[in-house]
Structures are given as structure tokens and as C-alpha cells.
Q: 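Provided herewith is a single structure, encoded as C-alpha cells, for subsequent inquiry.
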Amino acid sequence: MSVRIPLVIDTDISDDLGGDPDDALALLLALASPEVELVGVTTVCGDASLRARAAARLLGMAGRPDVPVFAGEEPARAGRWTGQRGHGLLGVEYAGREATVRDAPASQWLVEESGRRGFHLVAVGPLSNVARALRLDPSFAGRLLGLTVM
């Protein structure tokens with residue numbers, strides 16, 4: 001078997017998967033790809049904590065509660081979630097194990113994880129976490145195996 005690509009997905013996943021399924025699909029495709037090792041998920045944009053909960057739920061439902069999730073820092077003037085907040089994925093009864101939303105801010109974890117090992121970063125949301133990681137450590141970009149931006 002060939003070496004799997006360590007991958008981190010930085011996402012602005014929505015709780016309302018019916019109205020905004022692209023990021024959920026990106027996560028599920030990464031989980032289904034034998035050439036990819038999903039190392040972690042970071043969330044960004046507005047209510048990043050709610051987005052982290054949605055990602056953790058989806059990972060659990062997909063049978064991967066072992067993948068850590070990290071919420072990005074929410075700006076002081078974060079936009080409010082539009083649509084059916086809490087009436088999508090998080091509004092569904094689910095008794096299974098979810099992934100754990102860790103306490104460390106997403107940008108801090110990105111910098112620390114890149115120091116442990118290189119990974120390919122897939123940013124399918126605004127680049128706030130990436131910018132914060134670069135501000136924390138300007139050498140962060142040089143440790144990435146690659147960067148894919150939607």
C-alpha cells in the first residue's frame with residue numbers, strides 16, 4: 001500500500017447540510033479516499049464553535065469520532081448564522097459518539113501540528129485560520145506539504 005497523504009480540512013461547514021452541502025461532501029470524500037489520512041478538521045467563519053459541533057457530529061455519523069476538530073477564533077463582529085440554525089444536522093437525534101471539539105484555537109493547532117509533521121491543508125472556507133496561523137508563525141507555510149483553496 002502506498003503512503004497516505006496527511007490532510008487537514010479547514011471548513012465553514014453548515015449545520016444546514018441541505019442548503020449548503022459542499023463542505024460536508026468534502027469531509028466525506030476525504031474520509032472515503034484510501035489515499036488520504038484525515039488528521040484533523042478546523043472550522044472558520046462567524047460562529048466557528050457551532051460549525052465545529054456540526055463537523056464533530058458529521059465525523060461521528062461517518063464512523064470517525066477519532067478525528068479531532070478545532071474551532072477558529074470568532075471575530076468580535078462575527079456575522080450571524082443565517083438560515084435554519086440548529087435545525088439541520090445538529091437538530092437530528094443522534095446517540096452515537098461524535099468527534100471531540102478540542103479547546104485549542106484552530107490557528108494554534110495548525111501551527112503546532114505542522115511542527116509535528118507536514119500535512120496538506122485544504123481550505124474550503126474563508127482563510128482566517130490560515131492567516132492567523134501565519135501571523136503566529138511565519139514559517140508555517142513552509143511546513144505544509146501543500147495548500148488547496150476552494
Side-chain angles (χ1 to χ4, degrees), residues 4-134 136 140 144-150:
R4 296 171 72 198
I5 301 165
L7 186 81
V8 172
I9 295 181
D10 186 51
T11 174
D12 63 346
I13 191 170
S14 172
D15 173 51
D16 179 17
L17 300 181
D20 188 16
D22 59 325
D23 290 53
L25 244 132
L27 278 175
L28 294 173
L29 285 171
L31 292 173
S33 299
E35 66 274 9
V36 167
E37 174 196 358
L38 188 59
V39 174
V41 174
T42 56
T43 61
V44 64
C45 191
D47 194 342
S49 296
L50 184 69
R51 294 178 191 279
R53 288 180 33 227
R57 169 72 57 92
L58 184 62
L59 288 165
M61 290 176 148
R64 290 299 308 275
D66 59 302
V67 177
V69 178
F70 300 85
E73 299 166 52
E74 298 173 17
R77 294 173 38 112
R80 290 296 116 212
W81 195 296
T82 59
Q84 299 296 314
R85 180 179 181 171
H87 296 286
L89 186 62
L90 295 174
V92 173
E93 291 279 335
Y94 178 67
R97 189 170 154 229
E98 296 181 0
T100 302
V101 178
R102 307 288 176 88
D103 290 332
S107 55
Q108 177 186 331
W109 179 79
L110 287 168
V111 168
E112 290 172 359
E113 187 64 20
S114 71
R116 285 187 280 276
R117 66 169 163 177
F119 56 83
H120 190 99
L121 180 59
V122 175
V124 293
L127 297 173
S128 304
N129 288 334
V130 177
R132 283 187 180 102
L134 286 167
L136 285 172
F140 165 68
L144 293 177
L145 300 178
L147 173 65
T148 300
V149 178
M150 181 174 84

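For this chain, numbers begin at 1 and follow the sequence in order.
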Q: Looking only at heavy atoms, what is the nearest atom pair of Ile13 and Arg51, with distance?
A: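 Nearest pair, atom of Ile13 first, then Arg51: O-NH1, 3.0 Å.
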
Q: If I take atom CE from residue Met150 and atom CG from residue Asp23, how far apart are they, to the nearest 0.5 angstrom?
A: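 Between Met150 CE and Asp23 CG, I get 5.5 Å after rounding to 0.5 Å.
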
Q: Do any N or O atoms from the side chain of Ser114 and from the backbone of Leu144 form a donor-acceptor pair under 3.5 angstrom?
A: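 Judged by distance alone, no pair lies under 3.5 Å.
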
Q: Roughly how far, to the nearest 0.5 Å, is the CG atom of Leu29 from the CD1 atom of Ile9?
A: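 Ile9 CD1 to Leu29 CG: 8.5 Å, rounded to 0.5 Å.
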
Q: Grab the two heavy atoms, one from Asp12 and one from Pro126, that are nearest each other, plus how far apart they are.
A: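 Nearest heavy atoms, Asp12 then Pro126: OD2-CD, 3.6 Å.
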
Q: To check you understand the geometry: which heavy-atom pair defines the closest contact between Val101 and Ala56, and what is its length?
A: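 In this case the closest contact between Val101 and Ala56 is CG2-CB, 3.9 Å.
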
Q: Would you call Val44 and Thr42 a side-chain contact if the rule is heavy atoms closer than 4.5 Å?
A: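 Side chain of Val44 against side chain of Thr42, heavy atoms only: no contact under 4.5 Å found.
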
Q: Could you walk me through whether Leu28 and Leu58 pass the side-chain contact (heavy atoms from CB on, under 4.5 Å) check?
A: CA-CA 9 Å; Leu28 294 173; Leu58 184 62; 4.3 Å; yes

Q: Taking all non-hydrogen atoms of both residues, which atom of Ala99 and which atom of Val67 are closest, and how far apart?
A: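 Scanning both residues, the minimum pair turns out to be CB-O, 3.2 Å.
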
Q: Show me the pairs that pass salt bridge (charged side-chain N to carboxylate O under 4.0 Å, His left out) and involve residues 90-109, at least two apart or across chains.
A: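 Passing the test, one end in residues 90-109: Arg57-Glu98.
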
Q: Please name the pair of heavy atoms, one in Asp10 and one in Thr43, separated by the smallest distance, quoted to 0.1 Å.
A: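 Minimum heavy-atom contact is OD1-N, 4.2 Å.
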
Q: Under 3.5 Å, side chain of Arg64 to main-chain N/O of Leu59, donor-acceptor pair present?
A: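 A pair under 3.5 Å: no.
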
Q: Measure the spacing between SG of Cys45 and CG of Leu50 and express it to the nearest 0.5 Å.
A: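 If I round to the nearest 0.5 Å, the distance is 11.5 Å.
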
Q: First locate atom CG of Asp47, then atom OG of Ser14, and finally report the distance between them rounded to the nearest 0.5 Å.
A: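 Asp47 atom CG to Ser14 atom OG measures 11.0 Å (nearest 0.5 Å).
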
Q: For residues Leu27 and Ala55, report the shortest heavy-atom separation together with the two atoms involved.
A: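 Minimum heavy-atom separation between Leu27 and Ala55: CD1-CB, 4.4 Å.
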
Q: Just verifying a value: how many Å separate Leu136 CG and Glu112 CD, rounded to the nearest 0.5 Å?
A: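 Nearest 0.5 Å value for the CG-CD distance: 9.0 Å.
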
Q: Listing request: all ring pair (Phe, Tyr, Trp, His ring centres under 6.0 Å) pairs with a residue in residues 37-72, at least two apart in sequence or in separate chains.
A: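 Listed by first then second residue: Phe70-Trp109.
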
